There are 2 protein chains.
Amino acid sequence: MTTRTQKTTRDLRWHNRADLLTRLYLGECTNRNDLASTSGLSAATISNVVSDLIADGLVGENGSQSSAGGRPRSLLRVLPDFGYVVGVDIAETAIRVGLFDWTLEPIAEEVRSVATAQVPPQKVADQILSEIAAVTARVGITPAGLLGVGVGVPGAGGAVIHAPTLGWSAVPLAGLLRDGLGFAPEVDNGAMALGQAEVWRGAARGSERAVTLLLGIGAGGALSMAAGPGGRARSFTLEWGHTVVDLDGPTCRCGARGCLETYIGAEAILARYAATRGSTPFATEGVVEQLTELVDRAVQHREPAARTVLDTTAGYLGAGISNLINLVAPDRVIISGWAGALLCQALLPAIRLIARRHALPYLFELARIEPGELGHTSGTLGAATLPVARLLADGGRRGPG
Amino acid sequence: MTTRTQKTTRDLRWHNRADLLTRLYLGECTNRNDLASTSGLSAATISNVVSDLIADGLVGENGSQSSAGGRPRSLLRVLPDFGYVVGVDIAETAIRVGLFDWTLEPIAEEVRSVATAQVPPQKVADQILSEIAAVTARVGITPAGLLGVGVGVPGAGGAVIHAPTLGWSAVPLAGLLRDGLGFAPEVDNGAMALGQAEVWRGAARGSERAVTLLLGIGAGGALSMAAGPGGRARSFTLEWGHTVVDLDGPTCRCGARGCLETYIGAEAILARYAATRGSTPFATEGVVEQLTELVDRAVQHREPAARTVLDTTAGYLGAGISNLINLVAPDRVIISGWAGALLCQALLPAIRLIARRHALPYLFELARIEPGELGHTSGTLGAATLPVARLLADGGRRGPG
DNA sequence: CTTCTTATTCCAAGACGTGATTGAACTCTC
DNA sequence: GAGAGTTCAATCACGTCTTGGAATAAGAAG
């Protein structure tokens with residue numbers, strides 16, 4: 001509590017600049033008039049700040065929009081070529097690196113399959129650095145020319161990473177990467193980053209308070225709170241998968257017993273199916289393929305054993321979601337991740353039903369449960385929002401770090 | 001997202017004023033030098049703002065503190081007689097109204113026993129108004145002379161109250177009270193209000209992110225987040241008691257099955273004891289007395305049946321707490337409420353042990369589990385923080401509403 | 001071409017925080 | 001006990017900011 005925001009009149013300008021830039025970036029406003037009315041600033045100030053933004057190459061004028069019989073409004077637009085950002089997704093089975101322009105349009109991608117849990121952190125860092133080098137080389141820039149790099153990890157973010165999924169405990173990933181990049185990347189929880197992406201571009205647009213769930217082998221989550229009056233947007237990680245569902249349940253890889261992850265994690269679902277009478281062996285290898293097949297058997301072929309396993313899964317998912325609804329009162333619950341997409345396909349109505357049964361009615365009414373909308377690039381896209389968010393908060397001050 | 005904070009230079013002044021006032025109020029700073037160094041503002045500004053605060057009667061100079069061989073610092077102190085606030089606690093068995101000066105020193109209290117769940121909201125409101133009238137009369141003021149009124153309810157706050165405990169659904173309590181008071185009170189969740197009180201004055205002092213649990217017949221909770229760089233303090237309610245612990249558990253009064261409240265609520269504990277072999281009838285009537293007796297039997301008389309029931313309770317409490325730790329990563333977990341106090345007395349080490357077993361280690365390390373420190377006035381005290389918090393955020397602009 | 005309407009920019013005024021300077025209050029040393 | 005040194009507090013000139021209103025730009029309607 002030593003330093004604070006907003007002291008001098010100059011900071012005021014940066015504050016307003018960040019505000020206006022964010023509105024333009026998110027598409028809430030497209031002209032100076034909108035900016036004036038929604039921000040509460042005077043037209044004069046809008047004019048000043050916008051011309052600064054234009055001078056700095058962040059924003060451009062792009063045609064005009066005729067108004068009721070007067071001078072037309074000139075349309076303002078965030079300029080994509082202001083710079084590039086990189087999003088790194090440390091997933092369970094691969095490291096994905098995506099290059100985006102700062103409006104989050106995808107430019108290039110590198111994917112390398114790695115069982116990340118079995119590789120030492122230094123190796124992971126090296127892998128990431130080489131992918132970043134590859135992906136930036138394609139547009140002829142160096143990492144130093146990036147606006148920033150964001151890394152999404154399946155665990156707690158910050159200077160030191162804890163990720164039970166990867167067996168990481170206090171790994172200084174940001175430090176390892178800084179040495180190779182020349183500046184510090186923003187490392188944070190992948191579900192949190194994804195949540196921001198869903199709020200900006202996906203199923204949580206317009207949400208004040210969204211929970212994003214990331215289902216795969218593990219089950220992560222995050223809460224994204226919009227900037228209310230008098231406060232910045234904030235988000236934080238929910239280690240939802242390691243919530244206890246049954247005091248005497250099976251032992252989780254985190255060491256505790258009865259974690260939700262041991263019921264709704266992809267491997268847990270498959271194990272439950274394998275242990276069921278009436279199950280038949282899969283034709284494929286790999287969790288992703290097998291879960292796909294399981295869902296297929298339940299949905300297409302109406303196989304009772306598969307159906308039962310999925311119904312049980314829906315029960316746990318629904319209850320787990322209702323707990324989140326009761327705890328954080330979200331207005332949106334986004335189910336994402338590869339397993340999330342598969343399960344939604346088969347179980348969304350069932351999940352909603354069960355969640356309704358367990359959540360407090362007035363809280364359930366607030367919460368819309370929806371599948372994620374960002375598809376298979378969601379991981380890198382989410383990670384890429386991290387440096388962009390910082391850039392916006394800074395009003396577009398260039399340069400990483 | 002239409003209006004925003006901080007536009008003009010005048011707002012800047014109010015912002016700084018609120019900042020400095022808050023620091024003085026919370027005792028973080030006691031002189032102009034402290035203010036300058038911790039706030040980052042220049043001595044000149046401190047001087048200006050402080051003289052405004054003094055002129056408005058919020059702050060006074062109170063002696064001096066010698067410094068290393070120079071002019072002594074004059075000590076600054078928030079003046080209690082700036083005004084009064086009222087805190088109203090709508091508890092399970094009573095309505096308590098406390099009158100405090102704005103530094104939260106208790107002045108007077110009114111308690112009326114009411115089974116609040118069995119009284120229509122309008123009656124509750126009338127009851128509150130008459131108690132407020134009584135308590136203010138004792139210092140010779142009228143409600144209109146108050147700085148504000150805060151009301152803590154066992155449910156969701158805002159203009160419309162949902163409180164399963166009371167059977168309230170969409171009750172416009174603030175509106176009902178406004179008609180009698182002449183201004184709108186601040187109605188919010190009691191656990192949330194209590195959390196703020198624990199952060200300001202109790203076991204959560206210095207916490208960045210505290211979870212406060214309110215245990216009684218029901219089990220409420222709240223998360224209080226300190227003002228980080230770039231954001232105001234925020235808190236929200238956690239309907240922790242209605243978190244599902246067992247999909248097939250007993251039916252809760254909220255309608256769902258297996259809520260935590262049906263395991264750790266005071267009545268549930270007593271019921272579990274009554275159903276145990278080896279239990280003997282209580283000598284007393286009433287939940288509070290009976291739970292006291294139960295704890296006494298377990299601790300003083302080492303009665304096995306009582307011990308077993310409490311151990312089971314500790315298991316659920318510990319698991320429920322570990323879930324909160326995993327979800328919101330608090331640095332403090334405060335166990336409060338009358339039942340909380342009793343249970344802590346008997347079970348704190350057991351609860352800690354079980355929570356450690358289920359929480360992720362790096363998150364458990366962050367979280368200190370402590371009993372609440374505010375005693376039996378905590379409910380009204382918590383409620384009283386609501387108007388004070390608003391007052392501080394406004395930099396001390398007088399007048400309710 | 002003129003007038004009307006709406007968008008944007010220009011300008012003077014008012015407010016704020018800052019750094020430097022001045023004044024105030026106390027301690028220490030000679 | 002007087003003067004030097006030190007630390008705290010208030011004042012002032014300066015640069016920056018937002019604002020409201022006036023002025024200008026740009027198209028529509030007549």
Side-chain angles (χ1 to χ4, degrees), chain A residues 3-21 23-24 29-56 59-77 395 397, chain B residues 3-21 23-24 29-56 59-77 395 397:
Chain A
T3 25
R4 273 192 65 88
T5 177
Q6 296 268 155
K7 293 166 321 219
T8 164
T9 53
R10 233 200 211 104
D11 298 326
L12 193 52
R13 168 59 70 97
W14 281 106
H15 178 85
N16 286 333
R17 178 174 157 140
D19 180 26
L20 298 183
L21 180 59
R23 286 172 201 277
L24 289 171
C29 303
T30 57
N31 59 57
R32 292 180 177 80
N33 253 22
D34 279 359
L35 287 172
S37 56
T38 63
S39 72
L41 291 163
S42 70
T45 300
I46 302 289
S47 191
N48 286 331
V49 174
V50 167
S51 43
D52 284 358
L53 290 173
I54 291 174
D56 291 348
V59 170
E61 291 188 311
N62 183 38
S64 57
Q65 177 189 33
S66 73
S67 62
R71 173 174 172 174
R73 296 180 264 276
S74 58
L75 287 172
L76 298 174
R77 197 174 50 105
R397 255 176 276 229
Chain B
T3 26
R4 272 193 65 89
T5 177
Q6 295 270 155
K7 294 164 322 218
T8 164
T9 53
R10 239 202 205 99
D11 298 325
L12 193 52
R13 168 61 71 99
W14 281 105
H15 178 85
N16 287 332
R17 178 174 157 139
D19 180 26
L20 299 184
L21 180 60
R23 286 173 200 276
L24 290 171
C29 302
T30 57
N31 59 57
R32 294 179 176 81
N33 254 22
D34 280 358
L35 287 173
S37 56
T38 63
S39 71
L41 291 162
S42 71
T45 300
I46 302 290
S47 192
N48 286 331
V49 174
V50 168
S51 43
D52 284 0
L53 290 174
I54 291 174
D56 291 349
V59 170
E61 292 188 311
N62 182 38
S64 56
Q65 176 189 35
S66 73
S67 63
R71 173 174 170 176
R73 295 180 264 275
S74 56
L75 287 172
L76 298 174
R77 196 173 52 104
R397 254 177 277 230

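Within every chain, numbering begins at 1; the chains are lettered A, B, ... in the order of the sequence lines, protein sequences first and strands thereafter. What you see is a predicted model, and the numbers here were worked out from it, not measured in a lab.
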First encountered from the 5' end of DNA chain D, between A:S64 and A:T45: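 Closest to the 5' end, via its nearest nucleotide, is A:T45.
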
Atom pair distance, as rounded to whole Å: [atom1] in [X] and [atom2] in [N]:
| X | N | atom1 | atom2 | answer |
| --- | --- | --- | --- | --- |
| A:D11 | D:dG15 | CG | P | 19 Å |
| A:E61 | C:dT8 | CD | P | 8 Å |
| A:D19 | D:dT18 | CG | C1' | 14 Å |
| B:R13 | C:dG14 | CZ | P | 17 Å |
| B:N31 | C:dC26 | CG | P | 15 Å |
| A:N48 | D:dT16 | CG | C1' | 12 Å |
| B:L76 | D:dC8 | CG | C1' | 12 Å |
| B:D34 | D:dA9 | CG | P | 10 Å |

Residue met sooner reading DNA chain C from 5', once A:G70 and A:T9 are mapped to nucleotides: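 Per heavy-atom nearest nucleotide, the more 5' residue is A:G70.
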
Output yes when at least one side-chain N/O atom of [X] is less than 4.0 Å from OP1 or OP2 of [N], else no.
| X | N | answer |
| --- | --- | --- |
| B:S74 | D:dA9 | yes |
| A:S47 | C:dT8 | no |
| B:T8 | C:dC16 | no |

Inter-residue atom distance B:L12.CG - A:T9.OG1, 0.5 Å rounding: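 So the CG of B:L12 and the OG1 of A:T9 are separated by 7.0 Å.
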
Base of D:dC8 paired with side chain of B:R71 (donor-acceptor, under 3.5 Å):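 Between D:dC8 and B:R71, which were checked side chain against base, a qualifying N/O pair under 3.5 Å is present.
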
Residue [X], side-chain heavy atoms: nucleotide from [options] that is nearest:
| X | options | answer |
| --- | --- | --- |
| A:R73 | D:dG20, C:dG17, C:dT8 | C:dT8 |
| A:N16 | D:dT18, C:dT6, C:dT18 | D:dT18 |
| A:R10 | C:dC16, D:dG20, D:dC17 | D:dC17 |
| A:R32 | D:dT19, C:dC16, C:dT8 | C:dT8 |
| B:S42 | D:dA9, D:dG27, C:dG19 | C:dG19 |
| B:P72 | D:dA9, C:dC16, C:dC26 | C:dC26 |

Non-hydrogen atoms of B:V49 and B:R17 that approach each other most closely: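 What the structure gives for the nearest pair is CG1-CA, 3.8 Å.
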
Distance-minimising heavy-atom pair for A:N31 and A:N33: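 Shortest heavy-atom separation between A:N31 and A:N33 comes out as OD1-N, 2.9 Å.
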
Check: B:S39 and B:N16 side chains under 4.5 Å, non-hydrogen atoms: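 No, every pair of side-chain atoms sits at 4.5 Å or beyond.
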
Touch class at under 4.0 angstrom, heavy-atom based, for A:N33 against every strand present: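 Sugar-phosphate only.
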
Ion pair check, B:R13 and B:D52, cut-off under 4.0 Å: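 Result for this pair is yes, salt bridge flagged.
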
Under 3.5 Å: donor-acceptor pair, side chain of A:S51, backbone of A:S47: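 Side chain of A:S51 to backbone of A:S47, a donor-acceptor pair under 3.5 Å: yes, one is there.
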
